[in-house]
Asker: 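Questions regarding the structure given below will be posed in turn.
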Amino acid sequence: MIIMSHCLIQLFAFSISIPAAVAIVKVKQIDQIYLPFLLCIWIGFLNECVSYLMIDIFHVSNTVNANIYCLIEALLYTGFFKKLDFFINRKRYILLMGFLCIAWLIENFIVSGITLFDSFFTMMYSLIIVSMSITVINRLIMDQVNLLMNPVFLLCIAFIIYFSVLGLVEIFWLYGLTSSDSFRLNIYRIMAYINLFVNLIFAFAILWMHRKQEFIPQ
């Protein structure tokens with residue numbers, strides 16, 4: 001049962017290959033504002049490949065590449081919101097990017113270590129991305145009619161779902177609530193299904209991306 005669950009988790013983790021493949025096919029038709037998101041998807045797929053090699057082939061921890069990807073993901077998604085004119089001025093964007101880098105360095109090289117999962121940083125940037133996504137959705141609701149056809153809306157919904165659950169899981173880890181093997185396995189299963197669902201939303205959103213930039217009201 002554990003082996004089957006592990007295979008299922010691995011399969012769902014590689015569901016990121018779906019939006020990655022769709023993005024490759026449509027990349028020439030997609031507006032440049034989505035480039036940070038697309039880069040994050042492709043790097044995410046590469047990270048899953050590296051994690052598979054580290055865990056299943058070499059039987060070592062994937063914490064180092066996972067922590068590095070966390071920083072890349074945080075910076076690229078923040079850059080994506082910058083493309084959406086989320087930040088009033090460039091100074092706030094630079095300050096947030098600098099804050100993310102400093103926070104990551106402090107946790108990985110001062111507070112704990114890069115060989116341990118950076119729970120505090122993950123919770124922090126998850127909250128930031130969820131907050132930015134909610135703000136953008138509120139703007140779109142006031143301006144857009146057909147939100148289900150709007151790729152920015154779909155991406156923000158996916159961000160809220162994924163990073164809300166991810167932040168909650170990190171809280172479980174931080175306070176030792178995953179000490180039970182059965183509870184830990186259930187957490188992995190939940191995240192696997194969330195991964196699959198969110199990656200399908202990503203793929204659908206990419207299908208609706210085009211060269212015409214979406215208007216994000218200020």
Asker: Would you give me the side-chain donor-acceptor pairs under 3.5 Å for residues 126-138, sequence neighbours excluded?
Answerer:
residue: S126; atom: OG; partner: T122; partner atom: O; Å: 2.6
residue: S131; atom: OG; partner: L127; partner atom: O; Å: 2.8
residue: S133; atom: OG; partner: I129; partner atom: O; Å: 2.8
residue: T135; atom: OG1; partner: S131; partner atom: O; Å: 3.0
residue: N138; atom: ND2; partner: I134; partner atom: O; Å: 3.3

Asker: To the nearest 0.5 Å, tell me how far T78 OG1 sits from L96 CG.
Answerer: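 The OG1 atom of T78 sits 5.0 Å away from the CG atom of L96.
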Asker: Applying ring-ring contact (aromatic ring centres under 6.0 Å, His included), name anything that partners F80, two or more places apart in sequence or on another chain.
Answerer: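 Per chain and number, F80 pairs via ring-ring contact (aromatic ring centres under 6.0 Å, His included) with no residue.
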Asker: Taking ring-ring contact (aromatic ring centres under 6.0 Å, His included) as the test, write out the residues that go with Y93, two or more places apart.
Answerer: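 Y93 satisfies ring-ring contact (aromatic ring centres under 6.0 Å, His included) with F87 only.
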Asker: To the nearest 0.5 Å, what is the distance between CG (L100) and CG (L105)?
Answerer: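 Separation between the atoms: 11.0 Å.
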Asker: Using a 4.5 Å cut-off on heavy atoms from C-beta on, say whether the side chain of V198 contacts that of F159.
Answerer: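 No, side chains not in contact.
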Asker: Supply the atom-to-atom distance Y77 OH to I72 CD1, rounded to the nearest 0.5 angstrom.
Answerer: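 Answer rounded to 0.5 Å: 12.0 Å.
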Asker: For F109, which residues count as a ring-ring contact (aromatic ring centres under 6.0 Å, His included) partner, sequence neighbours excluded?
Answerer: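 Here the qualifying residues are W104.
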Asker: Mind checking side chain to side chain contact (heavy atoms under 4.5 Å, CB included) for I94 and listing every partner two or more places apart, or none if nothing turns up?
Answerer: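 Testing I94 for side chain to side chain contact (heavy atoms under 4.5 Å, CB included), a comparison that skips the adjacent residues, returns R90.
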Asker: Taking only residues two or more places apart in sequence, or in another chain, which ones meet N108 in a side-chain hydrogen bond (donor to acceptor under 3.5 Å, both in side chains)?
Answerer: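 N108 satisfies side-chain hydrogen bond (donor to acceptor under 3.5 Å, both in side chains) with N67, D118 only.
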Asker: Only counting residues at least two apart or in another chain, list the ones meeting side chain to side chain contact (heavy atoms under 4.5 Å, CB included) with L53.
Answerer: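 Counting only residues at least two positions away or on another chain, L53 forms a side chain to side chain contact (heavy atoms under 4.5 Å, CB included) with I57, F58.
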Asker: Are more than 12 heavy atoms, taken from residues, nucleotides or ligands other than F120, located less than 6.0 Å from that residue's CZ atom?
Answerer: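 At most 12 heavy atoms, drawn from other residues, nucleotides or ligands, come within 6.0 Å of this atom.
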Asker: Could you tell me how the ring of F204 sits relative to the ring of W208: parallel (under 30°), tilted (30 to 60°) or perpendicular (over 60°)?
Answerer: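 If you compare the ring of F204 with that of W208, the planes turn out perpendicular.
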Asker: Could you work out, with ring-ring contact (aromatic ring centres under 6.0 Å, His included) as the rule, every residue matching F12, not counting sequence neighbours?
Answerer: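 Residues passing ring-ring contact (aromatic ring centres under 6.0 Å, His included) with F12: Y193.
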Asker: Give the cluster check for L154 versus V25: same hydrophobic cluster or not, with ILVMFWY residues linked at side-chain heavy-atom distances below 4.5 Å.
Answerer: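 In one cluster: no.
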Asker: Could you check if a side-chain atom of F117 sits within less than 4.5 angstrom of a side-chain atom of N62, using non-hydrogen atoms only?
Answerer: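 SC-SC contact between F117 and N62 confirmed.
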Asker: I need the F202 CZ to I16 CD1 distance, nearest 0.5 Å.
Answerer: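 Answer rounded to 0.5 Å: 7.5 Å.
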Asker: If hydrophobic residues (ILVMFWY) are linked whenever their side-chain heavy atoms come closer than 4.5 Å, directly or via other members, who joins I110 in its cluster?
Answerer: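 Noted: I110 shares its cluster with I102, I106, V111.
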Asker: List for me each residue that meets side-chain hydrogen bond (donor to acceptor under 3.5 Å, both in side chains) alongside N65, sequence neighbours excluded, and say none if there are none.
Answerer: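 N65 satisfies side-chain hydrogen bond (donor to acceptor under 3.5 Å, both in side chains) with N47, S51 once adjacent residues are dropped.
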Asker: When rounded to the nearest 0.5 angstrom, what is the spacing between CZ in F45 and SG in C40?
Answerer: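 Between atom CZ of F45 and atom SG of C40 there are 14.5 Å.
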Asker: Please report the interatomic distance CZ(F163) to CE(M123), rounded to the nearest 0.5 Å.
Answerer: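 Reported value, rounded in 0.5 Å steps: 14.5 Å.
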Asker: In the hydrophobic clustering (ILVMFWY, side-chain contacts below 4.5 Å, transitive), which residues join L116, or is it alone?
Answerer: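 The other cluster members (ILVMFWY side chains, heavy atoms under 4.5 Å, direct or chained): none.
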Asker: Does the K83 side chain pair with the main chain of P36, one donor and one acceptor, at a distance under 3.5 Å?
Answerer: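 Absent.
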Asker: Does the side chain of L155 come within less than 4.5 Å of M209's, by heavy atoms?
Answerer: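 Counting from C-beta outward, M209 and L155 do come under 4.5 Å.
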Asker: Are L168 and F172 close enough that some pair of their side-chain heavy atoms sits under 4.5 Å apart?
Answerer: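 Of all side-chain heavy-atom pairs linking F172 with L168, at least one is under 4.5 Å.
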Asker: Decide yes or no on side chain to side chain contact (heavy atoms under 4.5 Å, CB included) for S112 and E107, but give the supporting numbers first.
Answerer: CA-CA 6 Å; S112 57; E107 180 165 7; 3.8 Å; yes
Asker: For Y52, run the side-chain contact (heavy atoms from CB on, under 4.5 Å) check against D56, V50, I55 and tell me which one passes.
Answerer: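 Single pass found, and it is D56.
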Asker: Check K26 against L207 and note the closest heavy-atom contact, atom names and distance.
Answerer: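 Smallest heavy-atom distance, with atoms named: NZ-O, 2.8 Å.
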Asker: Tell me, do L75 and M97 make a side-chain contact under 4.5 Å, heavy atoms counted?
Answerer: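 With C-beta onward as the side chain, the pair touches.
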Asker: Hey, are the side chains of F37 and F81 touching, using non-hydrogen atoms and a 4.5 Å cut-off?
Answerer: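 Counting from C-beta outward, F37 and F81 never come under 4.5 Å.
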Asker: Please find the pair of heavy atoms, one from W42 and one from A20, that lie closest to each other, and give the distance.
Answerer: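 Closest approach of W42 to A20: NE1-O, 3.1 Å.
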Asker: Taking all heavy atoms of P19 and all of A203, pick out the closest pair and write down the distance.
Answerer: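 Result for this residue pair: CB-N, 3.8 Å.
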Asker: Quick one: side chain to side chain donor-acceptor pair (under 3.5 Å) pairs with a partner in residues 153-172, sequence neighbours left out?
Answerer: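 Non-adjacent pairs meeting side chain to side chain donor-acceptor pair (under 3.5 Å): S119-E170.
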Asker: Do the side chains of I190 and V169 get nearer than 4.5 Å, heavy atoms only?
Answerer: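 The answer is no, as the side chains (C-beta and beyond) never meet within the 4.5 Å cut-off.
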Asker: Are F197 and L200 close enough that some pair of their side-chain heavy atoms sits under 4.5 Å apart?
Answerer: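 Sidechains of L200 and F197: no contact.
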